[in-house]
Structures are given as structure tokens and as C-alpha cells.
Amino acid sequence: MKWGIFFAVFLAPPLLTSIVAFVGQEEPNEQLSPLVAVFGGAVGGVVCGIMLALRLGKTSGARVLLGLLFSAVFAVVCITLSCFGCLAVGYRLSLH
């Protein structure tokens with residue numbers, strides 16, 4: 001497994017969310033930053049989970065189960081990191 005690719009996929013959603021939130025401070029894009037955080041974090045988490053499962057699983061059944069488990073865990077972690085990325089650049093969600 002290429003660890004550089006793993007960490008790039010893992011850190012890309014929070015970075016993209018931070019960039020979108022930072023750029024959106026001048027032009028309000030209240031809907032775009034959360035969408036990037038949720039969907040980007042979910043995709044990044046699934047890819048990281050599959051990569052790690054393929055690395056650690058010995059049989060195909062173990063790889064499938066580990067893939068499901070790791071994908072869920074990494075999706076939550078990536079989405080959480082993306083939310084912190086939004087907050088770090090001063091994003092304010094207004095629900096009105």
C-alpha cells in the first residue's frame with residue numbers, strides 16, 4: 001500500500017472544505033462548504049477504509065468485513081476533520 005496516497009486521500013476532504021470555506025468568506029456559499037465536508041469526507045473515508053482493508057485482510061471475507069468496518073470509521077473521522085477544517089477558517093453556519 002502506498003502510504004502517501006492513503007494520507008493524501010485522508011487529508012484531502014478537510015483541506016478542500018477549508019479552502020471552500022475560506023474562499024466563501026468573501027462570497028457567501030453557505031450550502032457548499034457542508035456539502036464538500038459531508039460528501040468529500042464520506043468518499044475519502046470509504047477509499048481509506050478499502051485501502052486499509054486490502055492491506056490487512058488475508059482472505060476475501062476478511063477484506064470485505066474489514067472494508068465495511070474501516071470505511072465507516074474513516075468516513076466519520078474524515079467528516080469530523082472536515083467540520084473542524086470549516087471551523088478553523090471561521091465558517092459560520094446560519095440557518096435562516
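Worth saying up front: this structure is predicted, and the values here are computed from it rather than measured.
- No chain of hydrophobic side-chain contacts below 4.5 Å, direct or via other Ile, Leu, Val, Met, Phe, Trp or Tyr residues, connects Trp3 to Leu15.
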Side-chain donor-acceptor distances from residues 75-84 under 3.5 Å, at least two apart:
| unit_1 | atom_1 | unit_2 | atom_2 | d |
| --- | --- | --- | --- | --- |
| Thr80 | OG1 | Val76 | O | 2.7 |
| Ser82 | OG | Cys78 | O | 2.9 |

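- Here the rule is side chain to side chain contact (heavy atoms under 4.5 Å, CB included) with Thr17, and of Val36, Leu32, Leu35 only Val36 fits it.
- Between Phe6 and Phe10, the ring-plane angle classifies as parallel under the 30° and 60° cut-offs.
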Check residues 43-57 and write down every donor-acceptor pair under 3.5 Å in which the side-chain atom is one partner and the other belongs to a residue at least two apart or another chain.
none

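- In terms of heavy atoms, Val9 sits closest to Pro13 at O-CD, 3.1 Å.
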